Amino acid sequence: MKLYLILPMLLWCLISSAQKYNFEKEYKSIEPKVIDWRRDFHQNPELSNREFNTAEKIASHLKSLGIEVQTGVAKTGVVGILKGNKNGKVIALRADIDALPVTERNDLPFKSTVKSEFLGQEVGVMHACGHDTHTAILMGVAEILSKNRDKIKGTIKFIFQPAEEGPPPGEEGGALLMVKEGVLKNPDVDVIFGLHINSATPVGVIRYKSEGLMAAVQRFVIQVEGKQTHGSQPWKGIDPILISAKIIDGLQTIISREVDLTNEAAVISVGKITSGVRFNIIPESAEMIGTIRTLDYNMQKQITERMKEMVPDIAKAYGGTATIEIKSNTDITFNNPELVVKMLPTLKRVAGQDNVQIQKAVTGGEDFSYFQNEVPGFFFFLGGMTPGNTASFPHHTPDFSIDENGMILGVKALTEMSLDFLNN
Ligand SMILES: [Zn+2]
Ligand SMILES: [Zn+2]
């Protein structure tokens, strides 16, 4: 074929693939709405398991679109079920809706001045993790898809999840409770997609990683028992502070000498030590609290087993005793490799080839992992940083902010991933 024929054809292919569903008009008209919703949520943030007004706004939006709505799921969660005109598979799209006990320091017209009570303290409340953008993005996706049922072969579940940051102590909540209450059943979900806006990723960019993207978070408590004595006569007692030091040292050798760090990263951190009352008493006991972060279940098993062996053994070597208790806070945000391969062309089409980049593993946690324990899932990062602004502030801080121009790509990605998955 002649070159003058090939070039226009190539160009045509490029244009038609960039606009597979011809939603350019829809995206243009939804963007200002998404920004307005986000500003409203930003100005009126609510803490985990207390997202009452947020849930009401979401539910009334979904109802206005003719979507079947369930409320009060896992306390304040909202679930929308949208059936396409043809039968097919079921996918779920998830947005988290809660804010944090942080006092906002940004100078914005829609800055949060909300105050609330958290653990008996008065605190400022702020969408300092960007969940306001997730909620607004998913409301936009729901609006576009609800007006295009003829293009949907199957069912889409919109999951608006409370308490991602963790329910208050003593309460259940978040993704784990949603799963427990059967959010992935009836109709049974085949795959789930979710995203997180990121203040260090430029607007227009999507970052992803196959397999372990975000870490499993475990919390451990170590109790060390020694024998109390005068500070001047250590030979008459057993020093639990010295034993604690040896234990910390030993635990770090699990990371540095025993696990294969070329596979995935892993972290053990002791965050708190409590022991003793004054300078001249060797106390009776010590307590240490810390966290374990892993991105691979085999490594998690190896690390926790070795900690359970090592802690009592080290204490015994110095004449004391020690116990360790390990509890899971979240599991590994594990992206199903086949699903990632399947959905990458969609992400590259909506964002542009060069704007879909590989993300390094993150040692922070995300409770989206509980959905991924049940069904294959794909969770990725969406750029929310003004390009060039490398001084952007991290999530969970009073100065955290998001460039709203990044949100529309989230709408495009989730809309087209849904249609591509269901129609192929
Ligand atoms: Zn967060
Ligand atoms: Zn978050």
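Just so it is clear, the model here is predicted, and its values are computed rather than measured. When a ligand or atom number is given, it counts from 1 through the structure's own listing order.
- Among T135, D98, D367, T76, the single residue meeting the side-chain hydrogen bond (donor to acceptor under 3.5 Å, both in side chains) criterion with Q161 is D367.
- D420 pairs with exactly one of K412, K348, K20 by the salt bridge (Lys or Arg N to Asp or Glu O under 4.0 Å) rule, that one being K20.
- Within the protein, the number of N, O or S atoms lying under 2.8 Å from the Zn ion (ligand 2) is 3.
- Tested against F160 for a side-chain contact (heavy atoms from CB on, under 4.5 Å), the candidates T71, I58, T54 yield a single pass: I58.
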Worksheet item: Hey, mind stepping through F393 and F400 against ring-ring contact (aromatic ring centres under 6.0 Å, His included) and telling me if it holds?
Response: CA-CA 5 Å; F393 288 93; F400 169 80; 9.6 Å; no

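- In this structure, F368 and F371 have perpendicular ring planes: the angle between them is above 60°, well past the 30° mark.
- The ring pair (Phe, Tyr, Trp, His ring centres under 6.0 Å) test with W37 singles out one residue from H134, H42, H61, and that residue is H61.
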